[in-house]
Number of protein chains: 2
Amino acid sequence: MGNQHKIPQATAKRLPLYYRFLNNLHIQGKARVSSKQLSDAMKIDSATIRRDFSYFGALGKKGYGYNVEYLLGFFRKTLDQDENTPVILIGVGNLGTAFLNYNFTKNNNTKIEMAFDADHAKVGEIIGNIPVHHIDELEEMMENISVAILTVPVTEAQGITDRLVECGVTGILNFTPARITVPEHVRVHHIDLAVELQSLVYFMKHYPLDDEG
Amino acid sequence: MGNQHKIPQATAKRLPLYYRFLNNLHIQGKARVSSKQLSDAMKIDSATIRRDFSYFGALGKKGYGYNVEYLLGFFRKTLDQDENTPVILIGVGNLGTAFLNYNFTKNNNTKIEMAFDADHAKVGEIIGNIPVHHIDELEEMMENISVAILTVPVTEAQGITDRLVECGVTGILNFTPARITVPEHVRVHHIDLAVELQSLVYFMKHYPLDDEG
DNA sequence: TCGAATTAGTGAATAATTTCACGACATTTT
DNA sequence: AAAATGTCGTGAAATTATTCACTAATTCGA
């Protein structure tokens with residue numbers, strides 16, 4: 001719910017990762033796991049993992065480790081895995097299509113409800129079970145959806161963003177290179193594929209071997 | 001080139017972003033820019049920007065700001081924009097195709113030279129000017145390429161990784177959810193689309209309005 | 001049952017990053 | 001030419017994040 005706050009942001013960013021790992025362990029039938037094992041598998045320092053978990057209380061048992069099922073159940077609640085968050089996607093290009101085909105609902109509390117595109121040829125298609133509407137219908141189709149994935153050409157980014165905000169969207173996962181401008185109450189996370197690639201190359205050249213970025 | 005080190009990693013991660021912004025300003029014909037203007041456009045605190053730039057020396061002028069052309073030229077050298085880094089891509093699904101169609105060579109020092117896939121139907125195609133080969137030919141085709149983009153199904157991730165490392169790859173941009181294991185000298189950057197979406201939703205729920213993540 | 005081994009939780013130290021706030025200098029205005 | 005304004009560069013403070021290293025609890029093996 002609101003903010004039981006004071007979980008560090010760095011920790012919050014790792015939670016979905018922890019969740020998925022625990023889920024995998026559970027599927028594999030593992031009953032217990034230690035911070036050391038998690039550390040090896042996820043490449044995160046074991047002290048960091050223990051510290052992260054400790055923000056939620058004493059979840060493990062000394063000399064034993066963590067009970068996978070218990071921990072998983074705990075994270076499920078913490079991450080609100082029980083209620084599904086509806087999401088829309090704007091821009092059904094290759095990247096958008098990748099998202100539509102990706103079955104998020106498995107292991108995930110999000111579900112892409114519908115997609116929009118400006119290309120009439122795409123309208124009416126159903127991709128990964130998700131219908132594609134024309135962008136002109138955005139305002140009339142949208143109801144109570146607060147999260148949007150933005151995979152449109154960079155030139156359209158700000159314009160579409162303004163319309164999304166107008167429709168009540170308060171969270172945007174932005175894959176365009178544009179640093180979009182939004183009101184205070186709207187959260188934007190940027191993922192810039194070109195920057196990521198360039199960043200990797202820079203790190204390879206200037207930070208020879210060892211630590212993980 | 002090795003390490004003129006001591007540029008903080010956080011700064012290094014922002015460099016490609018700075019570069020692209022300056023490039024845009026240059027294209028728009030702007031001659032000067034202040035840290036305040038950059039701050040507004042990129043949503044990064046102006047003091048952080050000045051601090052970042054200062055690691056490279058005194059690049060600006062008091063009371064004036066920064067000369068766009070000079071700064072751009074400086075970053076071009078710093079980011080080795082002049083030499084092109086060849087890259088290969090493994091896995092020509094929707095996400096992989098998005099990369100192939102993305103024209104990285106524009107504004108970028110990287111170029112995807114070839115792609116590989118296990119599906120014979122895709123072999124021989126040319127997507128975004130990049131030829132698709134069969135994954136079996138990986139070892140014989142690869143020569144002197146040190147960077148790979150991994151957009152394969154999660155089940156293939158570790159196996160392909162091992163082969164890439166064997167071929168001399170030292171940097172991998174991993175889009176699979178697998179936390180792949182590599183030797184010490186290989187750098188891996190993970191981008192996990194499901195985690196990013198889930199993370200956005202978590203932040204929306206637990207960190208009400210204001211700061212950017 | 002006992003001793004050795006394991007492992008969580010955490011105070012304290014360290015490291016990394018961001019932000020404040022101000023002096024110095026350049027530009028612009030009058 | 002002087003005053004007002006703008007803006008960088010940076011020491012210092014604040015904040016955030018990671019890691020060390022130890023204690024106490026538990027498990028495991030014989």
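Numbered from 1 within each chain, the chains take letters A, B, ... in sequence-line order.
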Length of the CD1-P vector between B:Ile49 and D:dG9, whole Å: 12 Å

Among D:dA25, C:dA24, D:dT19, the nucleotide that comes nearest once only the side chain of A:Ala47 is considered: D:dT19

From D:dT19, C:dG9, D:dT18, nucleotide with atom closest to A:Asp45 side chain: D:dT19

Geometric class of the B:Tyr18/B:Phe75 ring pair [parallel <30°, tilted 30-60°, perpendicular >60°]: tilted

Side chain of A:Arg14 - closest among C:dT18, D:dT18, D:dC20: D:dT18

Aromatic A:Tyr64 / basic A:Arg32 pairing, under 6.0 angstrom, 45° off normal: yes

Rounded distance in Å - CZ (A:Phe56) to P (C:dA8): 17 Å

Sugar-phosphate, base or nothing in reach of A:Ser35, heavy atoms under 4.0 Å: sugar-phosphate

Donor/acceptor link under 3.5 angstrom from B:Arg51 side chain onto base of C:dT19: yes

Options C:dA26, D:dG9, D:dA17, nucleotide nearest the side-chain atoms of B:Ala58: D:dG9

B:Ile44 backbone acceptor or donor facing A:Arg179 side chain under 3.5 Å: no

Minimum-distance nucleotide (side-chain atoms of B:Thr48 versus D:dA25, C:dT19, D:dT18): C:dT19

D:dT27 phosphate, OP1 or OP2, under 4.0 Å from A:Lys61 side-chain N/O: yes

From D:dA17, C:dA24, D:dC20, nucleotide with atom closest to A:Pro8 side chain: D:dA17

Distance-only polar pair, side chains of A:Thr11 and A:Asp52, donor-acceptor under 3.5 Å: yes

Whole angstrom value for the distance that separates P of D:dT19 from NZ of A:Lys36: 15 Å

Nearest to side-chain heavy atoms of A:Arg32, which nucleotide of C:dT27, D:dT18, D:dC28: D:dC28

Nearest-Å distance for atom pair CG/C1', residues B:Leu38 and D:dC8: 13 Å

Touch class at under 4.0 angstrom, heavy-atom based, for B:Tyr66 against every strand present: sugar-phosphate

Gap between atoms OH and P, on B:Tyr64 and D:dC8 respectively (whole Å): 11 Å

Rounded distance in Å - CD (A:Gln9) to C1' (D:dT16): 10 Å

Nucleotide C:dC25, atom P - distance to CG of B:Leu59 in whole Å: 18 Å

d(CZ, B:Arg50; P, C:dC20) in whole Å: 11 Å

Residue among A:Leu89, A:Ile112, A:Leu100 satisfying side-chain contact (heavy atoms from CB on, under 4.5 Å) with A:Ile127: A:Leu100

